Amino acid sequence: MFAYPEDFDLAGRMSKLAREELRHFELVQQQLASLGVRFRRLSPSRYAEGLRRALRRDEPGRRVDLLLCGALIEARSYERFTGLVERLPAPLAAFYDSLAASEARHAGLYQRLAARDGVPVAGRLAELAAVEAELATAPDAEFRFHSGTPA
Ligand SMILES: [Fe+2]
């Protein structure tokens with residue numbers, strides 16, 4: 001939204017997405033409060049930094065890569081939320097199930113935006129997906145939602 005504000009269609013779709021994500025943030029805050037869990041600030045993850053390093057620097061590649069990374073992050077979130085659903089008690093399971101459905105939808109949106117105007121993305125998506133999968137599955141010193149296996 002802020003990286004490409006001149007792209008009216010993209011910025012508008014990202015604005016709607018941001019509102020939905022902020023609503024999810026508020027719902028998570030409510031869950032934390034009702035469960036008596038205090039919010040704790042975490043250091044940035046290896047995952048996000050690793051994806052950022054994989055981005056191409058020049059346009060239009062950078063824009064495509066940002067959108068494809070968005071799709072991969074959302075798809076990984078879907079996978080992890082879905083994994084939580086079967087292990088959580090009923091009220092939380094339903095909540096995470098609804099978040100998982102949103103993440104799946106967001107993944108599709110990012111991928112469609114990357115491929116907008118007939119831009120071919122399959123090859124680059126496969127390259128970035130390999131980077132992302134390594135980050136999400138390799139041993140990781142920090143335990144995070146998108147981290148790899150605990151080292
Ligand atoms: Fe999302």
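Given the structure is predicted, the values throughout are model-derived calculations rather than measurements. Ligands are counted one by one from 1 in listed order, and the atoms in each one are counted from 1 as well.
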Taken in chain and number order and not counting sequence neighbours, the residues that satisfy side chain to side chain contact (heavy atoms under 4.5 Å, CB included) with Arg56 are Val64, Asp65, Arg124
Quickly, which of Arg76, Arg53, Arg52 forms a salt bridge (charged side-chain N to carboxylate O under 4.0 Å, His left out) with Glu132? Name it, please.
Arg76
Determine all donor-acceptor pairs shorter than 3.5 Å in which one atom belongs to a side chain in residues 84-95; sequence neighbours excluded.
from	atom 1	to	atom 2	distance (Å)
Arg87	NH1	Gly83	O	2.6

Counting only protein atoms, how many N/O/S atoms are less than 2.8 Å away from the Fe ion (ligand 1)?
5
More than 12 heavy atoms of other residues, nucleotides or ligands under 6.0 Å from CG of Asp9: yes or no?
yes
Residues 142-151, side-chain donor-acceptor partners within the protein, below 3.5 Å, at least two apart:
from	atom 1	to	atom 2	distance (Å)
Glu142	OE2	Ser43	OG	2.9
Arg144	NE	Ser43	O	3.3
Arg144	NH2	Ser43	O	3.3
Arg144	NH2	Ser43	OG	2.8
His146	NE2	Ser77	OG	2.9
Ser147	OG	Glu142	O	3.4
Ser147	OG	Arg144	N	2.8
Ser147	OG	Arg144	O	2.8
Thr149	OG1	Thr137	O	3.4

Would you say CZ of Phe81 has more than 12 non-hydrogen atoms from neighbouring residues, nucleotides or ligands within 6.0 angstrom?
yes
